[in-house]
Amino acid sequence: MTQREREQADPEIPGGEGQEGGFGDASGKSASVKKRQEKILIVVREKGFATIEALAREFHVTPQTIRRDINMLSREGLLHRYHGGAGLESSTENLAYSDRKILCRQEKRRIAAMVARHIPDHASLFINIGTTTEEVARALCNHQRLRVITNNLNVAGIMAGYDNVEVIIAGGLIRHRDCGIIGEATIDFIQQFKVDYGIIGISGIDLDGTLLDFDFREVRAARAIIDNSRKTFLVADHTKFGRNAMVRLADITEIDALFTDALPPLTLREKLEAADVEYHVADQE
């Protein structure tokens, strides 16, 4: 293969499309790199594990390029890096809260700003545990006379500084790793209310439409929020599509609207459209 052919096949080689000045997106990835990484995810999800050598042959790039792809996808929580290859991310353990706070931060902020535009003044809300829901709390800073019920101490701390928002905190057990409040007392508290909007985050969305999370206690609180909200808004960045987690929360058709930063996979879009569930993509409204 000539140098020119290698540059065309591998956008990360100097002179290729992935360099500065190519067609990069806001995340710093070129269109071709992003497309290849999406295909790598498909291969890994179909096979469960794929070696670096096999991926390099399949995509006609160098093993070093595949390692960079795997490292990036691993940082985004989309797959797990192993010696010699990549496999599915754990379905039993979430990323650390400190990592989730910085993962896709700009995308989460764009999602949050979009959600805020769909929340009127004088509304009542549930806001649950999650780094994206915390961004929604920040985006609501200029709303007037909101009443917010939350089982997230981080959300409570953010919104406590807003004179125009009344914050009600659910009781229960504080989960130290992310300041979420969970347990039977939390569920009992949530069930005392019926609010206009429930804003929930999620750890993963299976391609069959199942909403998934890692902690059954958190799932039970989120289920109570869905059941006691007139409208439920799901906030999820693109890394949640196809991501594994162990505990089932609901089906995506049980929500009223999905707010995300990229078009959902076709199978999910078809499911949403068949159930008349709205989906909103940041910057594409």
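Just so you know, residue 1 is the first one in the sequence shown, and it goes up from there. Note that the structure is predicted; figures quoted are calculated from it, not measured. In what follows, every heavy atom counts, from backbone to side chain, and hydrogens, waters and symmetry copies are set aside.
More than 12 heavy atoms of other residues, nucleotides or ligands lie within 6.0 Å of NE2 in His122, so this atom counts as buried by the packing criterion. Heavy atoms from other residues, nucleotides or ligands lying under 6.0 Å from CZ of Arg67 number more than 12. Within a 6.0 Å sphere centred on CZ of Arg147, other residues, nucleotides and ligands contribute 12 heavy atoms or fewer. Other residues, nucleotides and ligands place more than 12 heavy atoms under 6.0 Å from the CG atom of Asp208. Heavy-atom contacts from other residues, nucleotides or ligands closer than 6.0 Å to CG of Asp121 number more than 12.
If you check the side chains of His238 and Asp261, you find a donor sitting under 3.5 Å from an acceptor. Side-chain N/O atoms of Thr150 and Asn152 include no donor and acceptor closer than 3.5 Å. With hydrogens and angles left out, the side-chain atoms of Lys271 and Thr253 include no donor and acceptor closer than 3.5 Å. For the residue pair Thr62/Thr65, the side-chain donor-acceptor check at 3.5 Å is satisfied. Asp213 and Ser203 share a donor-acceptor pair across their side chains, judged by distance under 3.5 Å alone.
In this structure, Tyr162 and Cys141 approach most closely via the heavy-atom pair CZ-CB, 3.4 Å. Across Leu207 and Thr267, no two heavy atoms sit closer than the pair O-OG1, 3.5 Å. Ile52 and Ile70 get closest at one heavy-atom pair: CG1-CD1, 3.9 Å. Across Ala221 and Thr186, no two heavy atoms sit closer than the pair CB-CG2, 4.4 Å. In this structure, Ala222 and Asn128 approach most closely via the heavy-atom pair CB-ND2, 4.0 Å. The minimum heavy-atom distance linking Asp256 with Arg230 is given by the pair OD2-O, 4.0 Å.
With hydrophobic clusters built from ILVMFWY side chains whose heavy atoms lie under 4.5 angstrom apart, Phe241 shares a cluster with Leu263. Follow the hydrophobic side-chain contacts under 4.5 Å out from Tyr279 and you reach Leu268 in the same cluster. The hydrophobic cluster containing Leu258 does not contain Leu212, counting ILVMFWY residues as joined when their side-chain heavy atoms lie under 4.5 angstrom apart, directly or transitively. The cluster map of Ile, Leu, Val, Met, Phe, Trp and Tyr, joined by side-chain heavy atoms under 4.5 Å apart, puts Val277 and Ile252 in the same cluster. Hydrophobic clustering, with ILVMFWY side chains joined whenever heavy atoms are under 4.5 angstrom apart, groups Val281 together with Ile255.
Residues Val43 and Phe59 meet the side-chain proximity criterion, which asks for heavy atoms closer than 4.5 Å. Between Glu166 and Leu146, the closest side-chain pair of non-hydrogen atoms is not below 4.5 Å. Within the 4.5 Å cutoff, the side chain of Thr133 has no heavy atoms near those of the Ile200 side chain. Using a 4.5 Å heavy-atom threshold, the side chains of Val115 and Val235 count as touching. Between Ile119 and His143 the shortest side-chain heavy-atom distance falls below 4.5 Å. Considering only heavy atoms from C-beta on, Ile205 stays 4.5 Å or farther from Thr210 through its side chain. Ile181 has its side chain within reach of Leu153: a pair of non-hydrogen atoms, C-beta onward, lies under 4.5 Å apart. Here the side chains of Met72 and Arg68 are not in contact, with every heavy-atom distance at 4.5 Å or above.
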Give the C-alpha distance, both sets of side-chain angles, the deciding distance and a yes or no for salt bridge (charged side-chain N to carboxylate O under 4.0 Å, His left out) between Glu218 and Arg223. CA-CA 9 Å; Glu218 180 177 345; Arg223 181 73 248 182; over 6 Å; no
Would you check, one step at a time, whether the test side-chain contact (heavy atoms from CB on, under 4.5 Å) holds for Arg248 with Val219? CA-CA 8 Å; Arg248 184 185 187 280; Val219 161; over 6 Å; no
Would His118 and His280 count as a ring-ring contact (aromatic ring centres under 6.0 Å, His included) if you check the C-alpha gap in whole Å, the side-chain angles of each, and the deciding distance to 0.1 Å? CA-CA 10 Å; His118 287 75; His280 304 274; 4.6 Å; yes
Please test Ile199 against Phe126 for side-chain contact (heavy atoms from CB on, under 4.5 Å), starting from the C-alpha separation and ending with a verdict. CA-CA 6 Å; Ile199 301 174; Phe126 287 126; over 6 Å; no
Take Ile182 and Ile129 through the side-chain contact (heavy atoms from CB on, under 4.5 Å) test and state the conclusion after the steps. CA-CA 9 Å; Ile182 53 177; Ile129 302 167; 4.0 Å; yes
Would you check, one step at a time, whether the test ring-ring contact (aromatic ring centres under 6.0 Å, His included) holds for Phe259 with Phe233? CA-CA 7 Å; Phe259 293 82; Phe233 289 172; 4.9 Å; yes
Take Glu184 and Arg217 through the salt bridge (charged side-chain N to carboxylate O under 4.0 Å, His left out) test and state the conclusion after the steps. CA-CA 8 Å; Glu184 292 297 328; Arg217 298 168 298 177; over 6 Å; no
Would Asp215 and Arg175 satisfy salt bridge (charged side-chain N to carboxylate O under 4.0 Å, His left out), going step by step from the backbone distance to the final call? CA-CA 11 Å; Asp215 190 330; Arg175 192 167 60 185; 3.0 Å; yes
Step by step, would you call Ile40 with Ile66 a side-chain contact (heavy atoms from CB on, under 4.5 Å)? CA-CA 9 Å; Ile40 289 171; Ile66 294 296; 4.0 Å; yes
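With values rounded to the nearest 0.5 angstrom, Asn154 atom CG is found 12.0 Å from Ile127 atom CD1. Distance check, rounded to the nearest 0.5 Å: NZ of Lys240 to CG of Leu211 gives 11.5 Å. Rounding to the nearest 0.5 Å gives a distance of 9.5 Å between CG of Asp178 and OG1 of Thr131. Rounding to the nearest 0.5 Å gives a distance of 12.5 Å between CD1 of Ile42 and CD of Gln37. With values rounded to the nearest 0.5 angstrom, Glu38 atom CD is found 11.5 Å from Asp69 atom CG. The structure places CZ of Phe216 at 14.0 Å from CG of Leu249, a figure rounded to the nearest 0.5 Å.
Although no hydrogens or angles enter the test, the distance criterion places a donor-acceptor pair under 3.5 Å between the side chain of Asp196 and the main chain of Ser124. When atom types are taken as modelled, the side chain of Ser229 and the backbone of Thr232 share no donor-acceptor pair closer than 3.5 angstrom.
In summary, of the residues considered (Arg110, Lys108, Arg105, Arg109), a salt bridge (Lys or Arg N to Asp or Glu O under 4.0 Å) with Glu135 occurs for Arg109 alone.
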